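Take a look at the structure set out below.
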Amino acid sequence: MLFMDFSRCCERLEGTSGRLDMIDIIAAELPGLTGEELPVFVRFIMGRIFADWSSRKLGIGPNLLYEAAGAVAGISKEKVIEKINSTGDVGQAVEELLSVKSQMTFFHEELDLVHVYTSLIEIAEMEGKKSQREKLLAVRRLLGNAHPLEGRYLARILLEELRIGVGEGSVREAVAKAFGVDSALVEHAQQALNDMGEVARLAKVGPDALRDVQITPFHPVRMMLAQQGSIADMIAEHGEIAAEFKYDGSRFQFHKKGNWARLYSRRLEDVTGALPDVIRQLLDATDHDVILDGEVIAIKDGKPMPFQSVLRRFRRRHDVAEAQEAIAMVPNVFDILWLDGETLIDLPLSERRRRLEAVVTQYVAPQVTSGDPAIITQTYEDALAAGHEGIMIKVPASPYSPGQRGKNWIKIKPEVDTLDLAVIGAEWGEGKRAHVFGSFLVACQDAGRLVPLSRVATGFSDEQLAEVYELLKETVLKTSGKEVTFEPSLVFEVGYAELQASSNYEGGFALRFPRFIRLRDDKDISDIETIGSIRERYKRQANSAQAYQH
C-alpha cells in the first residue's frame, strides 16, 4: 500500500462524522492489505506507531518536526510555527508548506506504507550524542518525499496524534467486519495481546487464531480500572463482595519467567532500572513464572508516604541506590494474570486469588470477603487508619478485563470527587507567574477524540507550576495571544464540587469549582475519563439529594 492511499483513507475518515460510516471505510481497506501492511495500517489509523505494550518512543517532539518542515519548505522554524498558529493544526500547516514546495521541486520517490513504518523504527533506534541530528535528517527525508496530503498525516503520525476521530472501538468493529469474526473475539484478543495491529493480522487468519491468543510475558497488558460506587449498592447487587485496601501508590505489572524479571508502570513503561529493590522483593516471593498486578507504596517510619514519593522513584534514572536507602518501597500484589504458561484473565477473581495466594509467599495485599456491610465498612475504616486512601471493592465472580473501567471494581474513598483529564491547552500566568502557564484547559476522551471539559487555575503551588511548565514547554503546538495549545501528553487529577450541564464546552458538561489535585504522569492519555463515564457520574449525581445542596 502506498502511503498516499493511506492518506486518502485518512482524509475520507476525517470528513466522515458517522461512526458506522467510519467503520465501513476502515473495513473496506483491511482485506486487501498484506500480512506486513495490516498491523502497520491498523496502528497508524489509530495514531500509533508501536504496539500498545511497547515502551518504545519515537523521540521526536514538535520542535524537531517544525525544524524539519522548515528545512524542506525553505523557511525558518519560526515561520513554520506562525503557519501552525494560523491554521490551528500542525498537519494542515505542513500540507500547505509542502504544497508550495511541490510547485518548485520533483519528488524523489513514492512513499510506501511499510517503508514509512521502517523509517520510523530506525528513527526510534537512533541513540547517542548525534541522535537528534540524525532524527532531524531522517524526518527531513520523509517530508521531502511526501506529497502535500501525505505530509498532513505524516506530521500527525510523527506526533502520534492523528486527529481523525478513530477510536479503538471503531477499529475493533472494522476488523471484525472485514474478516467476518465475532467482535467479542477481537476484543478479547486485544486485551491479551495489547496490540490491535497484531490482532488484525490474526483475524485475517481466522477465528481460531484469535481464540488461541495467550498473554505473553514481557508484553504488558493494560491494567483493569475502577469506577466510583458505594458499599451498599455493591452488596445489594452482588451479595458477597471482596474488599482490599486502596493504596496511594503507583500501579505496577511484574513479569517473571525463569530468572528474568521486568517491572512495568501503569503507562506500561519499563521501570525495572528505577525499582531494583521491588524486583528483588518480588523475585524472593515466588519461584513460579508469573505476571502480577499490584501497587507499590513508599514507607517511612512504618507509615505510607504520599503518592509523589513513589512517583519520584518511578521517574528516577540516576542515584537509585541512594534513593533505596532513603525510603522503603513495598509492593502490594492483588492479582495474577498469568501463571506458568497459563493465561488467567478469564477466571473469576476468587479463583485468581486462590492461585495468587498459592504461589506468592509475601506482599499479597490483604482481602476481606463478606456480604455484611458492617464488616466491609470496618475494612474501610481500617484502611484509613493505616494511612491508605480507602478501599477497592471487587466482584468475586468477575474476570480480569484489561483496560476496562467497569462495575466489577469500585473505589471507595472520602476525598472530593476527582477526574483524570488530559491537558490540551493553557493561558500564560500573570504577575509573578507570568513566566509559566497559569491556567489549563483539560479534556476527557470520546472515541479517540479529546473533548474540552473545563479550565483549571487553582490548587497549584509555585513549584508545581514550574514543574508543569518544564514538562509542557516542548509540546506547544500553537500560540494565540495568551492562549497555548499542547500536543496531549500530560494528565491532571482534577477535583470538583459538582458536574454541571453546560453549553460552554463541547462535551456538554463543565466542572464546578475545579481544582488541581496532583500530576498523574503515571497515567497515559488513554487512561483519562471518557465522556460516557462522565455522563454516568452526572446521572448518579442527579439521583443524589446532595446534588441539590449548594
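Both backbone and side-chain heavy atoms feed into the values below; hydrogens, waters and symmetry mates do not. The shown structure was predicted, so the numbers you read here are calculated from the model rather than taken from an experiment. Residue numbers start at 1 and run along the sequence shown.
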Results of salt bridge (charged side-chain N to carboxylate O under 4.0 Å, His left out) for Arg535 - residues two or more places apart only: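 Applying salt bridge (charged side-chain N to carboxylate O under 4.0 Å, His left out) to Arg535 gives none.
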[Y] backbone acceptor or donor facing [X] side chain under 3.5 Å:
X: Gln227; Y: Ile410; result: no
X: Asp340; Y: Asp289; result: yes
X: Thr369; Y: Ala243; result: no
X: Lys411; Y: Met392; result: no
X: Ser461; Y: Gln464; result: yes
X: Glu342; Y: Trp338; result: no

Side chains of [X] and [Y]: does their closest heavy-atom pair fall under 4.5 Å?
X: Leu419; Y: Ile534; value: yes
X: Leu120; Y: Ile157; value: yes
X: His188; Y: Ile345; value: yes
X: Val290; Y: Leu356; value: no
X: Ile393; Y: Ile376; value: yes
X: His255; Y: Trp260; value: no
X: Leu499; Y: Leu511; value: yes
X: Gln253; Y: Met223; value: yes

How about [X] and [Y]: does a side-chain donor come under 3.5 Å of a side-chain acceptor?
X: Asp372; Y: Ser370; result: no
X: Tyr264; Y: Arg251; result: no
X: Gln445; Y: Thr530; result: no
X: Glu269; Y: Ser55; result: no
X: Asp346; Y: Tyr400; result: no
X: Glu240; Y: His238; result: no
X: Thr379; Y: Asp382; result: no
X: Glu127; Y: Ser131; result: no

Establish, yes or no, whether a centroid distance under 6.0 Å links the rings of [X] and [Y].
X: Phe440; Y: Phe492; value: yes
X: Phe509; Y: Tyr538; value: yes
X: Tyr380; Y: Phe245; value: no

Ring-face cation of Lys57 near Phe50 (centre distance under 6.0 Å, axis angle within 45°):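 No, Lys57 does not sit over the ring of Phe50.
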Lys407 atom NZ: more than 12 heavy-atom contacts under 6.0 Å: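 Atom NZ in Lys407 is not packed in, count stays at 12 or less.
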CG (Asp287) with more than 12 external heavy atoms under 6.0 Å: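 It does not: Asp287 CG has 12 such atoms or fewer within range.
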Non-neighbouring partners of Gln132 that pass side-chain hydrogen bond (donor to acceptor under 3.5 Å, both in side chains), sequence neighbours left out: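 With neighbours one apart ignored, the set is empty.
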Would you give the length of the straight line joining atom [atom1] of [X] to atom [atom2] of [Y], rounded to the nearest 0.5 angstrom?
X: Asp335; Y: Leu344; atom1: CG; atom2: CG; result: 9.0 Å
X: Cys444; Y: Asp446; atom1: SG; atom2: CG; result: 7.0 Å
X: Leu441; Y: Ile424; atom1: CG; atom2: CD1; result: 4.0 Å
X: Thr418; Y: Arg520; atom1: OG1; atom2: CZ; result: 8.5 Å
X: Leu263; Y: Ile279; atom1: CG; atom2: CD1; result: 4.5 Å
X: His288; Y: Leu339; atom1: NE2; atom2: CG; result: 6.5 Å

Of all pairs that satisfy salt bridge (charged side-chain N to carboxylate O under 4.0 Å, His left out), the ones with a partner from residues 190-199, not counting sequence neighbours: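 Every salt bridge (charged side-chain N to carboxylate O under 4.0 Å, His left out) pair that includes a residue of residues 190-199, provided the two are not neighbours, is Arg43-Asp195, Glu198-Arg201.
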Test salt bridge (Lys or Arg N to Asp or Glu O under 4.0 Å) applied to Asp522 and Arg267, step by step: CA-CA 6 Å; Asp522 62 322; Arg267 298 179 67 169; over 6 Å; no
Val491 vs Val423, side chain to side chain contact (heavy atoms under 4.5 Å, CB included): CA-CA, chis, key distance, verdict: CA-CA 6 Å; Val491 177; Val423 183; over 6 Å; no
Step-by-step side-chain hydrogen bond (donor to acceptor under 3.5 Å, both in side chains) determination, Asn63 to Glu474: CA-CA 7 Å; Asn63 283 318; Glu474 297 299 324; 2.7 Å; yes
Arg537 and Glu529: CA distance, side-chain angles, deciding distance, salt bridge (Lys or Arg N to Asp or Glu O under 4.0 Å) verdict: CA-CA 11 Å; Arg537 285 188 183 220; Glu529 294 284 343; 3.3 Å; yes
Aromatic plane relationship, Tyr469 with Phe437 - under 30° parallel, 30 to 60° tilted, over 60° perpendicular: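 Plane angle between 30° and 60°, so tilted.
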